Structures are given as structure tokens and as C-alpha cells.
Amino acid sequence: MRIGNDGCSARFRSDFEPFAARVAELGDRSALAQLALRLISPGVPDIYQGDELTYLALVDPDNRRPVDWEARRRALADGSSPKLNLIRTLLALRARRADSFARGYEPLAAEEGTVAFRRGDDVVVAVAYRAASPQLDLPPGRWRQVVEESYAAVFERVTEARARGSP
């Protein structure tokens, strides 16, 4: 008897594949939420060389492995990598708001299942760790949403100079 010829394999796959797809979806969401926290939290964000794109492995990334730089250039150009897009967006925010990131952070009240904090006066981040989406009341002021995803919301304060297009 060959394994898989009795219909058991087909039944197993029909049950397992939707489950595996849901676990993969939740894993992607969790990984991106953790990345957002890592890039916004105090300290210097770390990204392994070559780990700017999704890397599916059961071991830590190896900085010695060859890096496909052309794939990264294509992903930057076409926006096809949610991970690389998040890295680009949040590193650009850190560059624009260097004064905010030079300071500590202030925890903010948020709905259950959301962690939220403020970086300096001009950056607010909320990440859902158990909630369907991040929920918080923004501090007073005018805010622009930089990241709007189911796993994270990141805002920067809009000042009069920035509203007019000045740095």
C-alpha cells in the first residue's frame, strides 16, 4: 500500500492547508508588528544583512549567506515586500524626526491588546499584540499617519512648517 492513495492524505490536506495558511498569515502579522516595534523603540534598530526581505527558515539568519541585491532593488522599486516597505518607511521617519528618536519614550494609554508609546513630542506608535488592530487616542495636536496596517499604526505630528512643506 502506498501512503496517500487511500483518500486519507486528501482529507488531511483539506483540513490542514487552511489552518497552515491562517498560521502563516498570523506569523507574517506578528513578524511585521515586532519589526515595527524594533525600528521605533529606543536604541539602534538592527537588521541582519540580507534579511530585509521575508526569510523563511527554522534557524537564525546567517550574515555570511549570499545576498541577492537585485531582488532587493526590484522590491524597493515595485513595493512588493511589506517588510522592506515597513523598513523604508520607519527608517525615513527616524531620519525626519531625529530629535524625537534621540529622546526616550513615554508609554501611552491604549485599548487592551495594544501597546502604545510616544517618541519625543512628534512620533506616536501603537502596535496590536492581541487586538485585531491597534486602538488608542492620539495626544492633542494634528497628526499624519505614516503606517496604517492591521498590526501597527505610526503617526508623526504635523507642525505648521511641515504643513507648508518645510523640513
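Heavy-atom basis, side chains included; hydrogens, waters and symmetry copies ignored. Bear in mind the structure is a predicted one, so any value in this text is a computation, not a measurement.
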Review point. Does atom CD of Glu148 have more than 12 heavy-atom neighbours from other groups under 6.0 Å away?
Key: no

Check your understanding: Should the pair Phe16 and Phe19 be assigned to parallel (<30°), tilted (30 to 60°) or perpendicular (>60°) ring geometry?
Key -> tilted

Practice item. Drop me the distance from Leu39's CG to Thr89's OG1, to the nearest 0.5 angstrom. Key: 10.0 Å

Review point. Which pair of heavy atoms, one from Glu112 and one from Ala131, lies closest together, and at what distance?
Key: O-CB, 3.9 Å

Revision key, fill the gap. So CZ of Arg74 and CH2 of Trp69: to nearest 0.5 Å the spacing works out to 13.5 Å

Practice item. Could you check Asn85, Leu90, Leu91 and say which one makes a side chain to side chain contact (heavy atoms under 4.5 Å, CB included) with Ile87? Key: Leu91

Review point. Does CG belonging to Asp15 count more than 12 external heavy atoms closer than 6.0 Å?
Key: yes

Check your understanding: Where do Pro18 and Arg13 come nearest, in terms of heavy atoms and distance?
Key -> CD-O, 4.1 Å

Exercise for review: Kindly determine whether Arg119 and Val125 satisfy side-chain contact (heavy atoms from CB on, under 4.5 Å), including the steps that lead there.
Suggested key: CA-CA 8 Å; Arg119 294 300 311 266; Val125 62; 5.5 Å; no

Point to revise | Partners passing salt bridge (Lys or Arg N to Asp or Glu O under 4.0 Å) against Asp46 (at least two apart in sequence or in another chain) | key: Arg38

**Study point:** Electrostatic pair Asp28:Lys83 at N-O distance under 4.0 angstrom
**Key:** no

Check your understanding: Do Ile47 and Leu86 belong to the same hydrophobic cluster, where Ile, Leu, Val, Met, Phe, Trp and Tyr are linked whenever their side-chain heavy atoms lie under 4.5 Å apart, directly or via other members?
Key -> yes

Review point. Should Leu76 and Arg88 be marked as a side-chain contact (heavy atoms from CB on, under 4.5 Å) after you check the CA-CA gap, both sets of side-chain angles, and the distance that decides it?
Key: CA-CA 9 Å; Leu76 278 170; Arg88 175 178 31 196; 3.6 Å; yes

Check your understanding: Atom CD in Glu156, atom CZ in Arg144: separation rounded to 0.5 Å?
Key -> 4.0 Å

**Study point:** Pair Arg96 + Asp122: basic N to acidic O under 4.0 Å
**Key:** no

Exercise for review: Work out which heavy atom in Arg118 is nearest to a heavy atom in Val124; give both atom names and the distance.
Suggested key: CG-CG2, 4.1 Å

Review point. Do you know the tightest heavy-atom contact between Arg72 and Leu53?
Key: NH1-CD1, 3.7 Å

Check your understanding: Which pair of non-hydrogen atoms, one from Pro134 and one from Ser150, has the smallest distance, and what is that distance?
Key -> CD-O, 3.3 Å

Practice item. Could you point out which residue of Arg97, Arg157, Arg103 forms a salt bridge (Lys or Arg N to Asp or Glu O under 4.0 Å) with Asp121? Key: Arg103

Practice item. Could you grab the distance from atom CG of Leu138 to atom CG of Leu108, nearest 0.5 Å is fine? Key: 8.5 Å

Exercise for review: Sort and list the pairs that fulfil side chain to side chain donor-acceptor pair (under 3.5 Å) and have at least one residue in residues 124-133, not counting sequence neighbours.
Suggested key: Ser133-Gln135

Point to revise | For Tyr105, all residues meeting ring-ring contact (aromatic ring centres under 6.0 Å, His included), sequence neighbours excluded | key: Phe117

Point to revise | Which atom of Ala33 lies closest to which atom of Val127, heavy atoms considered | key: CB-CG1, 3.6 Å

**Study point:** Donor-acceptor contact below 3.5 Å, side chain Glu149 vs main chain Tyr151
**Key:** no

**Study point:** Cluster overlap Val147 with Val115, hydrophobic side-chain contacts below 4.5 Å
**Key:** yes

Point to revise | CA sep, side-chain torsions, deciding dist, call: Val123, Phe101, side-chain contact (heavy atoms from CB on, under 4.5 Å) | key: CA-CA 8 Å; Val123 176; Phe101 286 93; 3.9 Å; yes

Point to revise | Value rounded to 0.5 Å, distance of CG in Leu35 from CG in Leu37 | key: 9.0 Å

